[in-house]
Amino acid sequence: MTDRQRALQVLQRLNLLYAGSPCPLEFQTPVQLLLAVIMAAQCTDERVNQVTAALYSRYPDAAAIAHADLAELETILQSLSFFRNKAKNIQATSQVLVEKYGGEVPQDIAQLVKLPGVARKTATMVLHFAYGIDAGITVDTHVKRLSERLGFSQQKDLDKIEKDLIQLLPESEWGNCFVSLTYHGRSVCNAKKPACNICTVADLCPSATEKA
DNA sequence: ATCCCGAGGG
DNA sequence: CCCTCTGGAT
């Protein structure tokens, strides 16, 4: 079996397992999702959900956050990593949404990545979970870890990993790759103690410690 | 390459 | 104590 065939089989199994899974970040509107993803950098989704519950009950939309007191936003975000950056970014992004997009989230990745605190990972997630738009591969912490373990890429640099994945997989699987690897990374293939004994692709994984 | 920067787990 | 958590901007 070639590397390409093995990678495709891994993706097919994971897609079956994770297709249609809901977004782990809680939100009511695309604006709420966008701001939640900004806040999710280097931070667990459970923690973000705790903060957004308080934040959105007080400031439900872009206009409210745009006009909020920054020090108060910092207090609400205090339990998040990089909370000062994130408070500044969700307010600055909210202001742009109000001024340029009528308080809504644009459905275009080129527009999204211009927003403060938003780059490709955030934009890809928002397009997928808010609008059902496939925005292709982005290498986040989960995609990086699983790509190495699964033998998809030996590179360290995120852009090089992405190039390897693009080479390895057909374009039709790029978006699925991002979603499936992140879900599998969260639920089974953890950083510290990967649950290889219950992993559906253990027999295809060169790093598996136990065969299923 | 470095900074931001808190909480939970091992 | 060290590592990890769906990064982004300088």
Side-chain angles (χ1 to χ4, degrees), chain A residues 14-15 17-27 30 32-55 70-71 73-96 109-131 133-150 152-153 155-162 165 174-195 207 209:
Chain A
L14 295 182
N15 292 344
L17 205 53
Y18 300 112
S21 295
C23 181
L25 294 171
E26 293 163 9
F27 66 99
Q32 291 187 355
L33 175 62
L34 171 61
L35 302 183
V37 181
I38 291 174
M39 290 185 268
Q42 302 295 109
C43 196
T44 60
D45 48 1
E46 288 87 355
R47 182 158 310 284
V48 175
N49 287 335
Q50 289 174 6
V51 168
T52 53
L55 178 67
L70 180 57
L73 292 179
E74 287 184 354
T75 301
I76 296 173
L77 301 198
Q78 198 172 19
S79 64
L80 303 178
S81 55
F82 316 141
F83 68 92
R84 293 190 187 86
N85 283 344
K86 290 173 180 177
K88 181 156 51 87
N89 284 334
I90 64 170
Q91 181 160 60
T93 283
S94 295
Q95 289 167 351
V96 177
I109 193 160
Q111 307 287 343
L112 283 171
V113 297
K114 291 180 185 171
L115 298 167
V118 179
R120 291 217 3 255
K121 177 255 163 181
T122 299
T124 300
M125 254 190 90
V126 170
L127 289 174
H128 176 78
F129 286 112
Y131 297 126
I133 296 172
D134 182 345
I137 290 179
T138 307
V139 180
D140 60 27
T141 179
H142 292 310
V143 175
K144 178 184 181 184
R145 183 178 67 255
L146 270 67
S147 294
E148 180 176 358
R149 287 184 179 164
L150 286 163
F152 291 174
S153 175
Q155 299 291 338
K156 302 294 182 191
D157 181 76
L158 300 182
D159 291 328
K160 292 180 180 175
I161 295 172
E162 182 173 337
L165 293 174
W174 292 350
N176 295 331
C177 175
F178 171 67
V179 175
S180 290
L181 290 190
T182 51
Y183 268 100
H184 198 58
R186 286 170 5 104
S187 58
V188 176
C189 195
N190 309 95
K192 296 202 172 173
K193 292 183 79 172
S207 309
T209 55

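Note on naming: letters A, B, ... go to the chains in the order of the sequence lines (proteins, then strands), and numbering restarts at 1 for each one. In this text, all values refer to a predicted model and were calculated from it rather than measured experimentally.
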How close or far is atom [atom2] of [N] from atom [atom1] of [X], stated in whole angstroms?
X        : N     : atom1 : atom2 : value
A:Gln42  : B:dG9 : CD    : C1'   : 16 Å
A:Leu35  : C:dG7 : CG    : P     : 17 Å
A:Asn49  : B:dG6 : CG    : C1'   : 16 Å
A:Arg47  : B:dC5 : CZ    : P     : 16 Å
A:Lys88  : B:dC5 : NZ    : P     : 9 Å
A:Asn190 : C:dC3 : CG    : C1'   : 13 Å
A:Leu115 : C:dG7 : CG    : P     : 18 Å
A:Lys192 : C:dC2 : NZ    : C1'   : 7 Å

Please check the phosphate of [N] (OP1 and OP2 only) for any side-chain N or O of [X] closer than 4.0 Å.
X        : N     : value
A:Thr141 : C:dT6 : no
A:Arg145 : C:dC5 : yes
A:Thr122 : C:dT6 : no
A:Arg84  : B:dC5 : yes

Of the nucleotides [options], which has the atom closest to the [X] side chain?
X        : options             : value
A:His142 : C:dC5, C:dG7, B:dA7 : C:dC5
A:Met125 : B:dG8, C:dT6, C:dC5 : C:dT6
A:Ala41  : C:dG7, C:dT4, C:dT6 : C:dG7

Margin query: Heavy-atom nearest nucleotide on DNA chain C for A:Pro116 versus A:Phe178: which residue maps closer to 5'?
Written below: A:Phe178
Item checked: Contact nearer the 5' end of DNA chain C, comparing A:Asp45 with A:Asn89 -> A:Asp45
Notebook entry, point to check: When the P atoms of C:dT10 and B:dC5 are considered, how many whole Å apart are they?
Noted result: 14 Å
Next item on the list: Please state the P separation for the pair B:dT2 and C:dT6 - nearest whole angstrom.
Entry: 25 Å
Checklist line | Exam field: side chain A:Asn190 to backbone A:Lys192, donor-acceptor pair closer than 3.5 Å | finding: no
Notebook entry, point to check: Strictly by modelled atom types, are A:Ser81 and A:Lys86 linked by a side-chain donor-acceptor pair under 3.5 Å?
Noted result: yes
Next item on the list: Kindly confirm whether the side-chain ring of A:Phe83 is stacked on the base of B:dG6, judged by centres under 5.5 Å and planes under 30°.
Entry: no
Notebook entry, point to check: Would A:Phe82 count as stacked on B:dC5 if the rule is ring centres under 5.5 Å and plane angle under 30°?
Noted result: no
Margin query: For a side-chain contact (heavy atoms from CB on, under 4.5 Å) check, start with the C-alpha distance between A:Leu25 and A:Thr52, then their side-chain angles and the critical distance, and finish with the verdict.
Written below: CA-CA 9 Å; A:Leu25 294 171; A:Thr52 53; over 6 Å; no
Check: With a 4.0 Å cut-off on heavy atoms, is A:Val143 in touch with a base, just the backbone sugar-phosphate, or nothing at all?
Finding: nothing
Note to self: Using a heavy-atom cut-off of 4.0 Å across all strands, would you classify A:Glu46 as base, sugar-phosphate, or nothing?
What the structure shows: nothing
Check: Hey, mind stepping through A:Val143 and A:Thr138 against side-chain contact (heavy atoms from CB on, under 4.5 Å) and telling me if it holds?
Finding: CA-CA 8 Å; A:Val143 175; A:Thr138 307; over 6 Å; no
Checklist line | Nearest-0.5 Å distance that lies between atom CZ in A:Arg120 and atom CD1 in A:Ile137 | finding: 9.0 Å
Check: What class does the angle between the rings of A:Tyr183 and A:Tyr18 fall in, given that below 30° is parallel, 30 to 60° is tilted and above 60° is perpendicular?
Finding: parallel
